[in-house]
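Note that this is a predicted model, so its numbers are computed, not measured. Just so it is clear, the values below take in all heavy atoms, side chains as well, and ignore hydrogens, waters and symmetry mates. Naming convention: chains lettered A, B, ... in sequence-line order (proteins, then strands); numbering from 1 in each chain.
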Amino acid sequence: MNFQAIEKKWQKRWEKAKVFEVKEGKGKKYYVLEMFPYPSSVGLHMGHAFNYTLADILARFKRMQGFNVLYPIGYDSLGLPAENAAVKAKQHPKKYTEKAINNFIKQQKELGLSYDWSRLLMSHDPNYFKWDQWIFLKMFEKGLAYRKKAPVNWCPKCNTVLANEQVIQGKCWRHEKTDVELKHLEQWFFRTTKYAKELYEGIDKLKWPEDIKIMQKNWIGKSFGIEIDFEINGKKWPIFTTRPDTIYGVTFMVISAQHLKLMELVTERQKKNVEKFLKKVRSTSEKDQEVEKEGVFTGSYAINPINGEKIPVWVGNFVLVDYGSGMVMAVPGHDQRDFEFAKKYKIEIREVVKGGNIRKEAFIDIGTLVNSDKFNGMNSKKAIGEISKYLEKKKLGKRTVNYKLRDWLISRQRYWGTPIPIIYCDKCGIVPDKNLPVKLPEKVRFGKGNPLENAKEWINVKCPKCKGKARRETDTMDTFVNSSWYFLRYCDPKNNKEIFNKKKVKYWMPIDFYTGGREHATGHLIYFRFYTKFFRDLGLVNIDEPVVKLFNQGMLHGADGKVMSKSRGNVVLPEEVSKTYGIDTARLFLVSLASPDKDIEWSKTGIEGSSRFIKKVYDCFDKIKPKKDDKRIESKLNNAIKEITEDLENIRYNLAVIKLRTLFDSFGKEVSKKTLESFLKLLCPFCPHIAEELWHKVGNKSFISKEKWPSVDEKKIDKKFEQQEQAVEKLKQDINNVKRILNIAKPKVYVYVLPKELEFLRDSKNELLVSCGAESIEIFAVNDKKKFDPENKSKKAKLGKPAIYLT
RNA sequence: GCGGGAGUGCUGGAGCGGUCAAACAGGCAGGACUUAAGAUCCUGUGGGUUAGUCCCUACGCAGGUUCGAAUCCUGUCUCCCGCACCA
């Protein structure tokens, strides 16, 4: 059979008849979505095919179940990789990207994915990013987009700053060998921290994989504590601590070496020392493991608010600048880091919680307070509360909750991104540019730094307010901005009056099933929740969370056992597989290997198994002449429908495939047309092209993709047939066993059964003959007087266990 | 260091308190069909034993809970992943 012709044929017909295009309003909706793909110019390999197939199967299944299924596609086409690749290929990123997209579309169509192509989105389209800019201005208006000078992560390879989420173990997310540097720059931020509490608390309600939920919790990192004001040089400096019970043990303070206001604390005498130290800190890479804790005295002293004690303030390399207030109270007796620091610089280590040996190491557990004035003898746990209360009463501190989550740095010093719609005017300052879209200038020079900085005509504009001289912001937005709301635009992709129609979004949202990789746990999957909450507060959506069910698919590994990727050189291309086996076979194989959430390995021999099955199915429809069902088939079919439906519902495709195979194997020569059709429907989500082809072959004119999913008739499921089958199976084994013991190559077999079992065993006579390699088989009822039974074996027969005699 | 997940046949993997551990697929071996190969079909694939029986050994290792555990608990080893000086 010619797979490729069949595939092409149906792909064309689907497209022509707009089979997968949907409109809102017709019945119950179901929204299936894959994470916004970045259109790499390298194209798709089998790993991608695996991802898309998983969602496509569900979309097709839900569609047949009668849901109004929204299953759209688009491309996250702005971003650094495209710009870099384009520069390398000496092509404009736009041209380069669009070529890549066209290639992607072609390949995805060849996979038989049932997208509604009419909703196609591309984030580099000004009609799309116009709304990114619109959102930015809304955020600006609400104080959620702001500009500040801050210590930021800089990747020297990318030549741009990065968000915290894009720094992995001190390295750039795109360059695993490049250390991220710290710089102080004026940058644009989104105030994600405004929703920190809600983002954190909402996690529990999500039907997401547990590990993702835990990762998000750790990332947002909630901790309860108290902010205590320490007075330094007459000014109040707040610090955050979760252990106020150890406040009597504070023997010094440490401020981060990156702190913006550090120099305010440095005295004239200490200036040289501190500057020398800062130089050293900057030259050693920030996050290398096990950096020794070091610091220098600033010359200033702080007053411990609880007892008025004067304590030295140091500057140190181990204090994070962007957590809490960038300064800590050091309790060397009860914090391991402070302990190491104090040991090194011979600062007093004071015991205030009894329980450990603070000469050897810091005692960080809870215990009983000592050397703590009126709180002596109190348990740490109680003391945390009591001391907090005391400080609050005296207006020296305030209990707070602190989050690790930081505001999202969205500025990028690159060309291929959404321009930030801001104009700087000497007179009016920061002015929003409401004349959207702010497009990218086409003619720019690539190579050195941010190309936009040299686009003079584009930069120099009139101030929208005073019409005076002004200049554009040259930073563009992080690509994760574009992917934070695309799922809403799919609901109304062509709207040019507003970002989207509220009613349409209300109908389609939330996303019912979202697939993608685990790597987005603390990036995209937080950003898009943040956006959703912001839109809700704007009154644009009526939901709190964008996704009901998140599914993380496993990774496809190559034959070498490593994750399939172009750079590793272990890719298998869908085109190639398609040529030999057909894409339906590949789809089937990918999901039958293992549970879809697990990593799987591509194997050449493995796909043969799926191929054999597909061929068998195809051949069967070539030959079979439908007749009537017997009760056994009816039972089998209904049971299969029931179980396959459940398995699809729970994304246990591997198990569904097994049941599909078992069902097919149970077809004898007597199968009704209706049963065959039901089988095809069950097959359709996995192998849509072949299902369509055979659907027509048996005489239908409609699209099976649009047919109704078969329903279960529970009454027809009869466990009796299963038991009978098992009995036959056992009998088979028994005969073979005896045959082997007696060492007869082609025995004559005599079977003796109880009279009521005679009928179904007779039906299995041929099957037994083949599988036992017997010369002949005769089946007698035990009470048959004419039976051949020279050794009188028939009296051994029991219910469900016939007696046998071989010769 | 903290957190999460996983260890089942020759392999990928099902099973996640109980009627049978290994469904399904792949591999390998034997057989049938062929002049032959391929395709296809059948059988076997821990050990012992037997005319189809039964026994033993087996779900990383060691304990425990239970009438009963691959499945629950504790400890331990190995592997994978995430976070990592968060005060």
Side-chain angles (χ1 to χ4, degrees), chain A residues 168-170 209-219 221-223 225 239-244 246 254 256 286-287 289-293 316-320 322-331 334-338 340-341 364 402-406 518-519 521-522 555 557 589 592-595 597-610 612-613 615-616 619 652 654-662 665 726 730-747 751 767 769-774 791 793 796 801-807:
Chain A
I168 295 149
Q169 296 184 346
E210 279 310 307
D211 57 332
I212 300 287
K213 288 172 46 166
I214 288 162
M215 275 155 88
Q216 286 215 349
K217 277 198 173 177
N218 291 340
W219 188 262
K222 186 181 188 179
S223 51
I239 62 93
F240 177 78
T241 182
T242 53
R243 291 294 300 273
T246 62
V254 190
S256 167
E286 270 313 306
K287 301 206 175 171
Q289 284 180 332
E290 307 278 324
V291 173
E292 200 187 338
K293 289 168 188 52
N317 64 347
F318 69 97
V319 176
L320 298 173
D322 44 10
Y323 183 74
S325 50
M327 178 152 59
V328 297
M329 63 176 219
V331 187
H334 306 284
D335 181 284
Q336 191 54 32
R337 296 153 301 184
D338 301 346
E340 283 168 35
F341 195 84
I364 56 170
N402 226 322
Y403 294 93
K404 283 200 247 179
L405 185 76
R406 289 156 224 174
R518 266 178 203 86
E519 68 274 17
T522 54
M555 296 279 236
H557 293 236
F589 170 61
S592 38
L593 262 175
S595 178
D597 57 336
K598 294 203 171 143
D599 286 3
I600 55 170
E601 202 167 292
W602 182 263
S603 95
K604 270 186 211 159
T605 50
I607 195 169
E608 293 281 351
S610 301
R612 271 174 219 151
F613 175 66
K615 275 185 194 148
K616 253 197 287 186
D619 291 347
R652 288 187 304 225
N654 53 328
L655 301 182
V657 170
I658 289 166
K659 283 152 197 166
L660 201 57
R661 297 178 83 127
T662 318
D665 287 342
Q726 278 172 10
K730 188 88 180 89
L731 179 63
K732 222 188 264 180
Q733 282 172 12
D734 287 345
I735 295 172
N736 274 315
N737 200 2
V738 176
K739 185 181 136 191
R740 205 181 54 247
I741 293 164
L742 299 180
N743 201 14
I744 313 173
K746 244 182 171 331
V751 180
E767 189 188 337
L769 196 68
V770 175
S771 63
C772 299
E791 290 189 18
K793 296 279 182 197
K796 277 188 158 183
K801 190 173 166 59
I804 51 179
Y805 172 67
L806 269 69
T807 181

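Side-chain atoms of A:D338 come within 3.5 Å of backbone atoms of A:V331 as a donor-acceptor pair (strictly under, hydrogens ignored). Within the 3.5 Å criterion, the main-chain N or O of A:C772 finds a donor-acceptor partner in the side chain of A:K739.
Residue A:I214 is in sugar-phosphate contact alone, with no base atom involved, counting any heavy-atom pair closer than 4.0 Å across all strands shown. Residue contacts shown for A:S603 are absent, as no nucleic acid heavy atom lies under 4.0 Å away. Across all strands shown, A:V328 has heavy atoms under 4.0 Å from base atoms, whether or not it also approaches the sugar-phosphate. Nucleic acid contact for A:P802: base, since at least one base atom lies under 4.0 Å from a heavy atom of the residue. The residue A:A803 sits close to a base: some heavy atom pair falls under 4.0 Å. Residue contacts shown for A:L806 include a base, since a base heavy atom lies under 4.0 Å away. A:G773 comes within contact range of no nucleotide atom at all, as no heavy-atom separation falls under 4.0 Å. As judged by a 4.0 angstrom heavy-atom cut-off over every strand, A:K732 is placed among residues touching the sugar-phosphate backbone only.
Computed from coordinates, the A:D335 CG to B:G1 P distance equals 18 Å when rounded to whole Å. Distance NZ (A:K404) to C1' (B:C83): 7 Å, rounded to an integer number of Å.
Across all strands shown, B:C59 remains unpaired; no Watson-Crick or G-U wobble contact has both distances below 3.5 Å. Across all strands shown, nothing is found opposite B:A70 as a Watson-Crick or G-U wobble partner with both distances under 3.5 Å. Across all strands shown, B:C41 forms a Watson-Crick or G-U wobble pair with B:G31, both key distances being under 3.5 Å. Both distances falling under 3.5 Å, in either a Watson-Crick or a G-U wobble arrangement, occur for no nucleotide opposite B:U50. Nucleotide B:G13 is matched to nothing when pairs are restricted to Watson-Crick or G-U wobble geometry with both distances under 3.5 angstrom. Pair assignment for B:C2: B:G82, on the basis of Watson-Crick or G-U wobble contacts that are both within less than 3.5 Å.
Look at A:K213 and A:E210 and you find a salt bridge, because one of the NZ, NE, NH1 or NH2 atoms lies within 4.0 Å of a carboxylate O, short of that distance.
Rounded to the nearest Å, the gap between the P atom of B:C16 and that of B:A37 is 44 Å. The same atom, C1', is picked in B:A6 and in B:C59; the two are 13 Å apart, to the nearest Å. Between the C1' atoms of B:G9 and B:A70, the separation comes to 14 Å (whole Å). B:G68 and B:U19 have their C1' atoms separated by 12 Å, with the value rounded to a whole Å. Nucleotides B:C67 and B:U57 are separated by 23 Å at their C1' atoms, to the nearest Å. Atom P of B:A22 sits at a distance of 15 Å from the matching atom of B:U53, rounded to the whole Å. Comparing B:G17 with B:A69, their P atoms are spaced 14 Å from each other, to the whole Å. Taking atom C1' on both nucleotides, B:G60 is separated from B:U8 by 10 Å, rounded to a whole Å.
A distance of 5.5 Å separates CD in A:E519 from CE in A:M555, rounded to the nearest 0.5 Å. Atom CZ of residue A:R652 and atom NZ of residue A:K659 lie 6.5 Å apart, to the nearest 0.5 angstrom. Between the CG atom of A:D211 and the CD atom of A:Q216 there is a distance of 11.0 Å, given to the nearest 0.5 Å. Here the CD1-OG1 distance, from A:I744 to A:T807, works out to 6.0 Å after rounding to the nearest 0.5 Å.
Of the two residues near RNA chain B, A:V319 and A:T522, the one whose nearest nucleotide lies more 5' is A:T522. Along RNA chain B, the nucleotide closest to A:D338 and the one closest to A:K730 are compared, and the more 5′ of them pairs with A:K730.
Taking the six-membered ring for Trp and thresholds of 30 and 60 degrees, A:F240 and A:Y323 have ring planes more than 60 degrees apart, a perpendicular arrangement.
Checking B:U43, B:C83, B:C85 against the side-chain heavy atoms of A:S771 singles out B:U43 as nearest. Listed nucleotides B:A87, B:G26, B:A25 differ in distance to A:R661; the shortest reach to its side chain belongs to B:A25. Across B:A87, B:C86, B:A51, the shortest atom-to-atom separation from the side chain of A:L742 is found for B:A51. Considering only the side chain of A:N736, B:U43 comes nearest among B:U43, B:A87, B:G27. Of the candidate nucleotides B:C85, B:C83, B:A51, B:C85 has the atom lying nearest to any side-chain atom of A:F318. Considering only the side chain of A:M215, B:G82 comes nearest among B:G4, B:G26, B:G82.
Put simply, the side chain of A:V738 does not reach to within 4.5 Å of the side chain of A:Y805, judged on heavy atoms.
Distances shorter than 4.0 Å separate some side-chain N or O of A:K801 from OP1 or OP2 on B:U53. Within the 4.0 Å cut-off from OP1 or OP2 of B:A51, not a single side-chain nitrogen or oxygen of A:Y805 is found. Contact annotation: A:R612 does not reach the phosphate of B:A39 (side-chain N/O to OP1 or OP2, under 4.0 Å).
For A:K293 and B:C85, a side-chain-to-base donor-acceptor distance below 3.5 Å is present, hydrogens and geometry of angles not being considered. Counting atom types as modelled, A:R337 pairs no side-chain N or O with a base atom of B:C86 as donor and acceptor under 3.5 Å.
Residues satisfying the side chain to side chain donor-acceptor pair (under 3.5 Å) test with A:S595, not counting sequence neighbours, are A:D597.
Here B:G5 is in the anti range [glycosidic angle more than 90° from 0].
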Distances under 3.5 Å between protein N/O atoms and the N/O atoms of nucleotides 13-15 of chain B, please, pair by pair.
from, atom 1, to, atom 2, distance (Å)
B:A14, OP1, A:K598, NZ, 3.4
B:A14, OP2, A:K598, NZ, 3.3

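Between A:M215 and A:T522, the shortest heavy-atom contact is O-CG2, 3.8 Å.
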